[in-house]
Amino acid sequence: MKNKIINRRSFIKGGFGGTAATVLSLKSARAAGDFDHYPDSMGVIVDLNRCVGCRSCEAACNKEQGLPEPEKPFNDYSVFDAHESGGHGGAGRRTDETRYTVVNKYELPEIDHPLYRKSQCNHCLEPACLTSCFVNAYTKTPEGAVIYNADVCVGCRTCMIACPFYIPTFKYSSAFSPRIMKCIFCYDTRLKEGRPPACVEACPQEALTFGKRVDLLEIGRKRIRQNPGGYVNHIYGENEAGGTAWMYLSPVDFGEAGFDVHVPHEPVINFVRDFLSIVPMVLVIWPALFAGFHLLANRKEQNKHHHIDGGEE
Amino acid sequence: MLITKKRGIVWVVAMGVVLLCSAAGRALDQSDAPESVTIGLLEELYEPVEFDHAGHTEMAECSDCHHHTAGTVTQRWNCKKCHTNPLEGDTVSCADCHSPNRFDSQYLATLDNPELYHVEKPGLKGAYHLNCVGCHQEQGGPTGCEDCHAMTEAGEQRFNAGRYSPAP
Amino acid sequence: MKLFASEKQEIPISDHFKPDGSRWTLKEKLLLGLSFDDYRKQLVRNPLNWLILIIFAIGVPIIVERFVFGLGSVTHGSNDYPWGLFLAFGLFGMVPLSASGFMLGTTVELFGRKDFHPIERLALLNGLLGYFFAVIYLQVDLGMPWRLPYPMVVSLGPAAVLFLVAWHVATYLSVQIAEVLPSFFEWIGWLKGKRMIRSMVLCLTIAGIILSTLHQGALGALFTYPAGKLHPLWMSANFLWIQFLCSAVFGGLSMLIIVSTLSKWFLAWRCDNQFLDSLDKLTLGLAKGAAFAMITYLGIKFMAIAHDKEWVYLFTGWGQYYLLELTIGVVIPMMLFAFAVRNGNAQMARVAAFISVFGVLWNRINTALIGFNWHMYQEIPHWKEVAITITIFTLYLATYRFILYRLPILYAWKGEK
């Protein structure tokens with residue numbers, strides 16, 4: 001798997017290297033292709049069975065990231081019931097420029113208590129935002145975070161188009177420094193130093209378990225195995241979008257808990273590969289092909305001229 | 001840290017955790033238990049919780065909370081596989097097994113030990129809440145955060161609540 | 001202007017010299033050979049100018065608002081629909097309609113079809129302006145024009161499709177400027193510049209084909225990123241780029257039929273006889289090309305559905321909408337084009353061209369806005385977003401007209417070449 005990825009990257013890189021060979025330094029080309037999976041990267045597994053919807057994570061995130069004051073206090077649980085109009089088509093709350101994480105409530109007939117689901121950036125192993133960014137504003141750190149550099153961002157919002165989880169949001173309110181706003185796994189303040197993100201630390205129920213991604217997968221499988229009636233046999237994020245650092249366990253089908261179950265089980269870049277692979281071909285073949293057509297077409301014309309000339313003589 | 005052979009005494013510790021242990025080889029009974037326990041783990045954001053231990057001993061078995069350490073046999077099938085001896089355990093304090101720093105890099109490093117069975121052991125805060133809230137949900141006890149926890153000023157700041165509520 | 005052109009013999013200007021032998025000055029050329037008063041009179045007399053004025057009066061303040069208060073002040077600022085009309089219409093719609101430049105450049109310069117020469121310059125100009133205004137739309141959307149060169153010099157992400165679009169549109173814009181420059185050089189009378197461009201024309205044309213193939217395709221490939229968000233009927237990892245490229249071919253040709261028709265209708269005074277006389281024949285030539293591109297396009301559409309086994313979607317509401325788009329946007333104009341070519345009916349080809357351009361725009365909007373997030377709610381653009389889109393399109397038309405009035409696009413320059 002690892003080898004495959006490296007090959008694919010260098011292949012793509014090669015294609016574009018040809019496009020802009022004159023302007024690309026080798027260094028920047030390498031940086032853009034440097035997407036290897038980090039074996040020791042960290043992650044979080046979210047257990048929907050444990051979440052009680054206390055919104056402590058939202059409050060902790062707000063303070064840790066210095067986000068604006070919320071419209072309602074974080075201990076106001078009416079936000080779960082008021083389906084916001086306009087913003088998200090009545091599909092519950094979503095992350096935006098004022099909140100990097102939100103918890104939504106799902107009342108399901110088959111379980112006797114409401115189900116809560118926290119959403120934030122899932123920190124993909126091969127992030128769509130990163131691969132679609134043409135100014136290289138995103139970085140996947142070895143610790144597992146997908147971080148963003150506002151200084152180079154032009155505000156094209158392709159990352160928002162590409163993200164299968166609808167996570168990056170845009171600071172639409174700013175005219176002079178619009179930027180992407182999204183969860184960065186508390187990279188600057190915590191993860192870099194080996195500490196868990198603020199939301200994990202704040203969670204009273206340990207619904208969020210922080211650890212190495214590989215260990216979390218084992219924990220997840222163990223919980224499912226030990227309580228087969230309590231969980232569906234799937235870890236959301238193990239393979240979704242090629243694998244994510246944040247993963248989920250759920251007692252009901254993930255679709256019922258607001259997850260997009262149609263997210264492909266491979267990195268988003270795979271869908272773009274077909275096009276990327278024709279780029280070098282067009283670059284190399286077209287000039288010769290069309291120059292050839294030109295010669296053929298004009299040869300005919302020259303012959304014609306000859307003919308006419310000949311006829312006149 | 002371990003204090004033995006002291007029974008029936010309420011200990012309020014800096015971490016706010018009761019460190020209560022039985023004499024080796026003797027089972028605890030309900031009369032050994034403290035009347036109440038003050039838990040101040042979240043004292044930054046919340047006032048300490050005065051836990052009515054005696055009241056809860058009337059509603060639950062010791063093993064419901066203390067697993068196999070309080071001298072009664074645990075009912076959990078998964079624990080029973082190993083913990084068959086009811087007299088086992090020389091501490092009943094939650095904090096002696098459940099780490100308050102569950103996600104520290106040092107703690108996480110201990111999980112790398114391939115011999116370790118309890119990889120899934122919750123941290124102290126998780127242990128409290130999973131146990132308390134889980135039972136309260138089943139038994140119809142109070143489950144709201146502020147039913148047990150009164151917010152401090154720092155807590156109100158954190159939650160933009162009370163005096164720090166956003167202007168309507 | 002029509003009036004002046006019929007009254008005064010020296011107007012419209014098509015030579016460096018007035019009838020009395022003196023040279024037109026640049027200012028006179030800009031004023032179309034009219035006195036300042038006459039120029040103002042023709043401006044005021046034309047009702048279209050009043051319409052333009054009204055649109056600008058409403059739209060320009062809104063554009064200013066956008067740059068002062070941010071994108072959120074003129075759009076719904078949706079995080080679910082990050083791309084709105086500016087990009088769906090302005091970028092994804094304008095670029096395919098501007099494929100005429102590379103199509104006709106290839107036809108005339110590469111394949112040696114000199115019979116299309118009278119319309120070549122119009123095609124090149126149509127390409128240049130379309131791209132230029134697509135970039136204007138893009139700038140209004142991004143709102144940080146000073147960061148425009150970032151993907152080129154500050155921070156490069158060469159593995160992204162948009163990187164390719166940025167580079168190719170930028171390069172192609174330069175190519176197109178170079179291709180249109182000869183008419184400008186003729187007009188100002190700098191022949192050295194014209195000869196210089198002339199010597200590079202083959203290179204420019206081939207560069208044009210490469211860049212167009214790739215960035216027209218790349219615009220389609222951009223929509224393979226949201227693989228799971230775009231309705232499966234519109235989404236095709238394998239074929240979306242080639243569908244975009246192929247529809248750009250007939251989109252560009254149809255757009256050329258439209259602008260040449262409009263020129264014939266409204267700017268006949270500016271067209272020379274060569275243009276007017278050959279237009280019907282050339283229109284049918286373009287129609288033939290468009291019809292072929294359309295049948296190819298339908299073939300690729302069919303393949304895409306077969307490849308991804310999406311037949312079942314055709315029987316849903318979305319499927320019917322999809323078929324409606326294809327029927328109105330492609331099948332009907334294709335048949336009209338075919339009948340037009342067969343019966344030598346240029347008028348019919350013109351009708352078909354209008355429908356076909358609408359079809360391409362519709363397809364782009366379906367891909368970028370309607371089929372996007374198909375399992376979610378539908379975003380309806382803010383009225384200010386619509387107003388800005390219309391304003392910039394009006395600016396595009398005004399610029400178009402300004403150039404057609406002056407440069408030797410619709411007519412051959414009579415002075416030294």
Side-chain angles (χ1 to χ4, degrees), chain A residues 9 12-13 16-17 19-20 23-24 28-29 32-33 86 88-91 94-96 128 131-137 152 154-158 160-162 164 166 169-170 172-175 178 260 262-264 268 271-272 274-276 278-279 282-283 286-287 290-291 293-294 297-298 301, chain C residues 66-73 75-80 82-83 106 109-112 142-144 147-148 150-168 202 205-206 209-210 213-214 217-218 220-222 224-229 237-238 240-241 375-377:
Chain A
R9 292 294 163 199
I12 293 165
K13 208 166 60 197
F16 284 101
T19 323
V23 285
L24 272 187
S28 66
H88 197 48
R94 61 153 297 152
T95 56
D96 64 25
T131 44
S132 67
C133 181
F134 75 145
V135 289
N136 221 9
V152 297
V154 299
C156 73
R157 310 191 294 288
T158 310
M160 298 167 67
I161 292 282
Y166 294 88
T169 68
F170 194 63
Y172 282 104
S173 57
S174 169
D260 184 354
H262 302 293
V263 168
V268 159
F271 293 92
V272 189
D274 270 23
F275 171 71
L276 295 178
I278 63 120
V279 173
V282 168
L283 281 171
W286 259 218
F290 282 94
F293 282 149
H294 174 69
N298 281 21
E301 199 150 273
Chain C
R66 184 260 168 272
F67 278 97
V68 176
F69 298 107
L71 196 55
S73 64
T75 68
H76 289 137
S78 168
N79 286 314
D80 300 325
W83 289 347
T106 311
E109 304 300 338
L110 249 143
F111 293 123
L142 301 184
M144 293 189 287
R147 289 196 173 184
L148 187 62
Y150 273 33
M152 278 87 187
V153 288
V154 175
S155 178
L156 303 113
V161 171
L162 205 59
F163 184 78
L164 187 120
V165 177
W167 270 93
H168 286 191
L202 189 62
T205 309
I206 293 183
I209 308 174
I210 297 172
T213 311
L214 289 178
L222 272 181
T224 54
Y225 281 117
K229 298 181 179 180
N238 308 76
L240 195 54
W241 69 271
H375 51 268
M376 246 195 218
Y377 64 103

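This is a predicted model, so every value here is computed, not measured. Residue numbers begin at 1 in each chain, while the letters A, B, ... track the order of the sequences.
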Enquirer: Picking from F69(C), F67(C), W241(C), which has the most non-hydrogen pairs under 4.5 angstrom with chain A?
Expert: W241(C)

Enquirer: Could you pull out the closest heavy-atom pair between A237(C) and D274(A), with the gap in Å?
Expert: O-CB, 3.6 Å

Enquirer: Heavy-atom distance under 4.5 Å to chain A: side chain of I206(C), backbone, both or neither?
Expert: side chain

Enquirer: Would L276(A) and L164(C) count as a side chain to side chain contact (heavy atoms under 4.5 Å, CB included) if you check the C-alpha gap in whole Å, the side-chain angles of each, and the deciding distance to 0.1 Å?
Expert: CA-CA 10 Å; L276(A) 295 178; L164(C) 187 120; 5.9 Å; no

Enquirer: Using a 4.5 angstrom heavy-atom cutoff, name the option from A221(C), P151(C), G228(C) with the most pairs to chain A.
Expert: P151(C)

Enquirer: At their closest point, which heavy atom of C156(A) faces which heavy atom of W83(C), and how far apart are they?
Expert: O-NE1, 2.8 Å

Enquirer: Show the nearest heavy-atom pair for residues Y172(A) and S78(C), with the distance to one decimal.
Expert: OH-O, 2.6 Å

Enquirer: How many angstroms lie between CG in L156(C) and CZ in F134(A), if you round to the nearest 0.5 Å?
Expert: 10.0 Å

Enquirer: Non-hydrogen atoms of chain A under 4.5 Å away: do they reach the side chain of L202(C), the backbone, both or neither?
Expert: side chain

Enquirer: Where do A297(A) and G112(C) come nearest, in terms of heavy atoms and distance?
Expert: CB-N, 4.5 Å

Enquirer: Counting only non-hydrogen atoms closer than 4.5 Å, does H375(C) touch chain A with its backbone (N, CA, C, O), its side chain (CB onward), both, or neither?
Expert: side chain

Enquirer: Could you report the tightest heavy-atom contact between M144(C) and V154(A), atom names first, then the distance?
Expert: CE-O, 3.4 Å

Enquirer: Go through the atoms of Y150(C) and report whether side chain, backbone, both or neither lie under 4.5 Å from a heavy atom of chain A.
Expert: both

Enquirer: Roughly how far, to the nearest 0.5 Å, is OG1 of T205(C) from CZ of F290(A)?
Expert: 11.5 Å

Enquirer: Which residue out of E109(C), R66(C), R147(C) racks up the most heavy-atom pairs below 4.5 Å with chain A?
Expert: R147(C)

Enquirer: Which heavy-atom pair separates M160(A) from P82(C) by the least distance, and what is that distance?
Expert: CB-CG, 3.4 Å

Enquirer: When only pairs under 4.5 Å are counted, which of G155(A), A128(A), A162(A), S132(A) shares the most heavy-atom pairs with chain C?
Expert: S132(A)

Enquirer: Does any backbone or side-chain atom of P164(A) lie under 4.5 Å from a heavy atom of chain C? Answer side chain, backbone, both or neither.
Expert: backbone

Enquirer: Okay, side chain of Y166(A), backbone of N79(C): is any donor-acceptor separation there less than 3.5 Å?
Expert: no

Enquirer: Rounded to the nearest 0.5 Å, how far apart are OG1 of T158(A) and CZ of F163(C)?
Expert: 13.5 Å

Enquirer: How long is the span from the CG atom in L214(C) to the CH2 atom in W286(A), to the nearest 0.5 Å?
Expert: 8.5 Å

Enquirer: Select, from V263(A), I161(A), I278(A), the one with the greatest count of heavy-atom pairs under 4.5 Å involving chain C.
Expert: I161(A)

Enquirer: Between G72(C), G143(C), S155(C), which shows the greatest number of heavy-atom pairs under 4.5 Å with chain A?
Expert: S155(C)

Enquirer: Would V154(C) and V135(A) count as a side chain to side chain contact (heavy atoms under 4.5 Å, CB included) if you check the C-alpha gap in whole Å, the side-chain angles of each, and the deciding distance to 0.1 Å?
Expert: CA-CA 8 Å; V154(C) 175; V135(A) 289; over 6 Å; no

Enquirer: Within this structure, what is the CE-CG distance for the pair M376(C) and D260(A), rounded to the nearest 0.5 Å?
Expert: 8.5 Å

Enquirer: How far does CZ of F293(A) sit from CG of L110(C), to the nearest 0.5 angstrom?
Expert: 9.5 Å

